[in-house]
**Q** 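Questions regarding the structure given below will be posed in turn.
Heads up: numbering here begins at 1 and tracks the sequence. Here the structure is a predicted model, which means the values were calculated and not measured.
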Amino acid sequence: MGTDVDAFLGQLARRLRPQVKKLAGLLLQRLNGELPELWEDADIAALTLEETAQHVTALLDLLEAHPGASAPEAPPAALDIGRLYARRGIPVSRLLRGYRLGHLSLLEQVQAEAARLTGDWHMIHLAAMRLVALGFDYVDRSSEEVVAAYQEERDQLLQRRLALTDRASKRIGTTLDVTRTAEELTEVCTEDFADLVTVDLFDSALDETGTGSPDALTQRRVAQRSVLDGCPESLLRVGEAHAYPDDSEPVHALATGRSVLNHIAGTEMPAWLAPSEAHGRVLRDLGLHSVLLVPLHARGDTLGLGQFVRHRTSVPFDDADLLLAQEIVSRAAVSIDNARRYTHEHSTALTLQRTLLPRNTVKQSAVETASRYLPAGSRAGVGGDWYDIIPLSGARVALVVGDVVGHGLHAAATMGRLRTAVRAFADIDLMPDELLTHLDDVVIRMQREESPDEGETSATCLYAIYDPVSRRCSLASAGHVPPTVVTPSTIGDATGTTRVVELPEVPIGPPLGLGGLPFETTEFELPENSLLVLHTDGLIAGRTRDVDLGLATLHDVLTSAPDSLEETCDQLLAALLPSRPADDVALLVARTHALDPNHVATMDLPSDPAAVSGARRFVSDVLATWGLEEMTFTTQLAVSELVTNAIRYGKSPIQLRLILQSTLTCEVSDASSTAPHLRRARIFDEGGRGLLLVAQFTQRWGTRHGREGKVIWAEQALPTDSGPTA
């Protein structure tokens, strides 16, 4: 009987074989309501028709096979559609439901054909039993193979997405640059995720000052990348500003903060995507079929919009792709916001830094200077390096260079406070070691006032005083690299002048902020036209460069440096910093001048009130020699009061000195440390008005203390038609 059933099934299979396409169509009609994705996706619909025909053919082959033959493997189209379902993100349960419904429908069609082939209901019943057994065996085996193909494709897809996420985490945000970060996002996502990626940012995200309006709808195309040359999908070019229509999906996505997955039918092209008919034809010809719109959010702010487009990739975006794009864009948005904040802070700190540094130095004749300040070119940002040139009394000048530990606004602000403190201490003519001691106290006080989150304030500083009268340089260091001294040395008449470059032996004290440790002043004499090169450690030290090598290079450049100080600065930076520095650099180059001995007049005075008249005659004679007779009265008045104070309240020896440079300076020194001060004399007081008169008749006056006493000085401006004479 079994042979009869097998023969009947074979006959039935041969009868149905010409109707394979018809049977496949009937099965698909049965599945129409249960699996709508078959008709919504053209790729799935076409492949399903081929797969169904292959399933019908495979079952008919099984019916014609000899008894006991095993079920054949799933047809290739079945495996392909399993992979396609996986790529589309359709659950595998829907695919298996399609198999069950298709199997049931096919059994019904075969049974109907069996009834038309014979009237033997017993044979029909036996054939149906055999048909069900064979059919279920085939469905079970093919389902297993299709599920395996589906899972393999899902695993590969998951691996690709994980790999994309990993690449994004490593390659997006490598620099603190807004534009470069956006470019990295487009580069990563056009490798195997999208065919076109664009990034538009609001002006508020691009404005370095942070003042751009976040409510403005205008955006700027910051980056875009396509798998096609020339980016034909986009009418915009990088850098162009644009605004989407008010009722468009991009505006809605930005307003709500929600990402959008948009599937585009063949001829339907949104106006915001194709603003012109010609561009719409280009997009249709390319086969554009799906778009992701993902707003860039970071720390509560909307920065812009990212678009992901597919046209060459046949698989449209799905919900999993949308989540993946959101994750990548979220990472990029944080990096863009970090870059924006860094750029804003860096710009603010640099502006503050340049504002605090001297721009127009006060005219003085002691030294000729040139300077440079270079901010760091790394993520560290602007630091606290500074330099200063401070005119002092007695034709002297103070040269300062310092470095606050750290970077950013805090370091720049700290630098400003320390520079102000140095100028205040310099104004009272402190010795270099005393000034650094007071500055150390300032840093310690700042440490106590600041919160622990700001870190411990520390700094280094070099303070030098040059006196053009004596040609002596006094300096002290608080943890700072000593200056380089370049002195001209004449060797015979024929060889001319060469330079000698050396580092003076300067005791380097502790950095500012440690407290309790002394600083020491070093003095040495400098020939006229010597160079003093002061700098921060960023000029000679680096991550890949040894300090000794940097000093050797600096000395080599200075040995043959040009006469121009500006060119000397440029050559030093070119030799020592061929690329942007990793740390801030402050450089100050000063050429020393010696005051003409004929512009200095000195007189020793006894501690006797009668010496005042002699001092007045001395002033008259000196001013006549200098051609400044019109200044005799006011100068004699000032000298009389200063000498009288020194005789009355000071100690011997007493000395009067007149200095002619850009101003006329009168100095009276004595061995006492008692400092005079202005006071308000009452009507019937016989004294107390001397310094008040000096203050009224001179441009400025003051007191400076030294190791052996004090000096009271007063300066007067020269007449406009007068000046130092040779």
Side-chain angles (χ1 to χ4, degrees), residues 353-374 384-404 412 415-432 435-436 439 459-478 480-486 504 506 521 526 528-536 539 558 561 564-570 572-573 584-595 659 661-663 665 699-700 702 704 713 715:
Q353 182 92 333
R354 295 194 182 281
T355 301
L356 294 174
L357 291 174
R359 284 177 284 183
N360 299 313
T361 57
V362 179
K363 183 180 179 181
Q364 45 79 34
S365 57
V367 294
E368 174 190 355
T369 62
S371 57
R372 295 289 187 273
Y373 170 73
L374 272 70
D385 293 20
W386 90 93
Y387 64 88
D388 210 346
I389 305 156
I390 309 172
L392 302 176
S393 63
R396 299 168 306 136
V397 65
L399 304 174
V400 190
V401 65
D403 184 1
V404 176
M415 177 275 288
R417 296 171 67 181
L418 294 185
R419 178 173 179 260
T420 301
V422 169
R423 281 187 161 260
F425 295 143
D427 194 50
I428 57 177
D429 269 323
L430 293 177
M431 294 288 291
L435 183 142
L436 292 182
L439 194 62
T460 64
C461 183
L462 179 70
Y463 185 82
I465 298 175
Y466 175 69
D467 186 348
V469 177
S470 64
R471 293 186 289 103
R472 294 195 65 81
C473 180
S474 306
L475 58 87
S477 170
H480 203 90
V481 58
T484 300
V485 176
V486 185
V506 178
T521 296
L526 289 173
E528 188 174 6
N529 292 324
S530 296
L531 294 184
L532 274 173
V533 182
L534 291 75
H535 55 84
T536 53
L539 182 67
L558 292 176
S564 170
L565 297 185
E566 297 292 339
E567 293 181 9
T568 299
C569 289
D570 292 339
L572 286 173
L573 296 181
D584 286 42
V585 174
L587 171 64
L588 177 61
V589 180
R591 176 178 287 120
T592 64
H593 298 305
L595 197 62
I659 302 173
Q661 45 157 357
S662 57
T663 61
T665 304
Q699 195 173 34
R700 64 190 189 111
R704 69 175 181 267
W713 55 270
E715 284 186 3

**Q** Just so I know, are the side chains of L462 and P482 near enough to count as touching, which here means a heavy-atom distance under 4.5 Å?
**A**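 L462 does not reach P482 side chain to side chain.
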
**Q** Taking side-chain hydrogen bond (donor to acceptor under 3.5 Å, both in side chains) as the definition, give me every residue that meets it alongside E567, ordered by chain and number, with sequence neighbours left out.
**A** none

**Q** Considering all heavy atoms of both residues, which atom of Y463 and which atom of L430 are nearest to each other, and what is their separation?
**A**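 Looking at all heavy atoms of both residues, the shortest contact is CE2-O, 4.4 Å.
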
**Q** Kindly indicate whether the side chain of T521, heavy atoms from C-beta on, has any atom under 4.5 Å from the side chain of L475.
**A** no

**Q** To the nearest 0.5 Å, tell me how far D403 CG sits from M415 CE.
**A**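 That separation rounds to 10.5 Å.
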
**Q** Using every non-hydrogen atom in the two residues, find where L439 and C461 come nearest and quote the distance to one decimal.
**A** CD2-SG, 4.2 Å

**Q** Where is the tightest heavy-atom contact between I659 and A395, given as atom of each residue plus distance?
**A** CG2-CB, 4.1 Å

**Q** Taking the side chain as C-beta and beyond, is there a heavy-atom pair between F425 and L436 under 4.5 Å?
**A** no

**Q** Would you please test Y466 and R471 for side-chain contact (heavy atoms from CB on, under 4.5 Å) and show each step?
**A** CA-CA 7 Å; Y466 175 69; R471 293 186 289 103; 3.7 Å; yes

**Q** Apply side-chain hydrogen bond (donor to acceptor under 3.5 Å, both in side chains) to T568 and list each qualifying residue two or more places apart in sequence or on a separate chain.
**A**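 Checked T568 against side-chain hydrogen bond (donor to acceptor under 3.5 Å, both in side chains); zero matches.
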
**Q** Are L558 and L572 packed together at the side-chain level, in the sense that at least one heavy-atom pair is separated by less than 4.5 angstrom?
**A**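 Of all side-chain heavy-atom pairs linking L572 with L558, at least one is under 4.5 Å.
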
**Q** Which residues satisfy the side chain to side chain contact (heavy atoms under 4.5 Å, CB included) test with V481, sequence neighbours excluded?
**A**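 With neighbours one apart ignored, the set is H535, I540.
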
**Q** How would you list, by chain and number, every residue that makes a side-chain hydrogen bond (donor to acceptor under 3.5 Å, both in side chains) with D427, sequence neighbours excluded?
**A** none

**Q** Hey, what do you get for CG (L526) to CZ (R591), rounding to the nearest 0.5 Å?
**A** 13.0 Å

**Q** Test of understanding: with side chain to side chain contact (heavy atoms under 4.5 Å, CB included), list the residues that count as partners of A459, not counting sequence neighbours.
**A** V404, L418, L512

**Q** Considering residues at least two apart in sequence or located in another chain, which fulfil the salt bridge (charged side-chain N to carboxylate O under 4.0 Å, His left out) criterion with R396?
**A** D429

**Q** Report the C-alpha separation of L532 and V589 in whole Å, then their side-chain angles, then the decisive distance to 0.1 Å, and conclude whether the side-chain contact (heavy atoms from CB on, under 4.5 Å) test is met.
**A** CA-CA 6 Å; L532 274 173; V589 180; over 6 Å; no

**Q** Once side-chain hydrogen bond (donor to acceptor under 3.5 Å, both in side chains) is applied, do any residues pair with H480, and if so which ones, sequence neighbours excluded?
**A**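 H480 satisfies side-chain hydrogen bond (donor to acceptor under 3.5 Å, both in side chains) with T460 once adjacent residues are dropped.
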
**Q** Can you find a heavy atom in the side chain of L565 that is under 4.5 Å from one in the side chain of L531?
**A** yes

**Q** CG/L587 to OH/Y373 distance, rounded to the nearest 0.5 angstrom?
**A**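 The CG atom of L587 sits 13.0 Å away from the OH atom of Y373.
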
**Q** With sequence neighbours left out, what residues match A586 under side chain to side chain contact (heavy atoms under 4.5 Å, CB included)?
**A**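 Partners of A586 under the side chain to side chain contact (heavy atoms under 4.5 Å, CB included) test: D385, Y387, V401, T536.
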
**Q** Once rounded to the nearest 0.5 Å, what's the spacing between atom CG of L595 and atom OG of S470?
**A**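 Atom-to-atom, L595:CG and S470:OG are 10.5 Å apart.
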
**Q** Tell me the closest heavy-atom pair linking R704 and S393, and the distance in Å.
**A** NH1-OG, 2.8 Å

**Q** Would you please name every residue forming a side chain to side chain contact (heavy atoms under 4.5 Å, CB included) with S365, sequence neighbours left out?
**A** Q661

**Q** Do any N or O atoms from the side chain of T592 and from the backbone of S530 form a donor-acceptor pair under 3.5 angstrom?
**A** yes

**Q** Who pairs with E566 by salt bridge (charged side-chain N to carboxylate O under 4.0 Å, His left out), at least two apart in sequence or on another chain?
**A**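 With sequence neighbours excluded, E566 shows a salt bridge (charged side-chain N to carboxylate O under 4.0 Å, His left out) to R372, given in chain and number order.
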
**Q** Rounded to the nearest 0.5 Å, what separates atom OG in S371 from atom CG in D388?
**A** 10.0 Å

**Q** List the atom of L435, the atom of A426, and the distance in Å for their closest heavy-atom pair.
**A**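 The pair with the smallest heavy-atom distance is CD1-N, 3.7 Å.
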
**Q** What's the shortest heavy-atom distance between L392 and E715, and which atoms?
**A**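 Nearest pair, atom of L392 first, then E715: O-OE2, 4.4 Å.
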
**Q** As an exercise, state the distance from OG of S474 to CG of D467, rounded to the nearest 0.5 Å.
**A**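 Those atoms lie 8.0 Å apart.
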
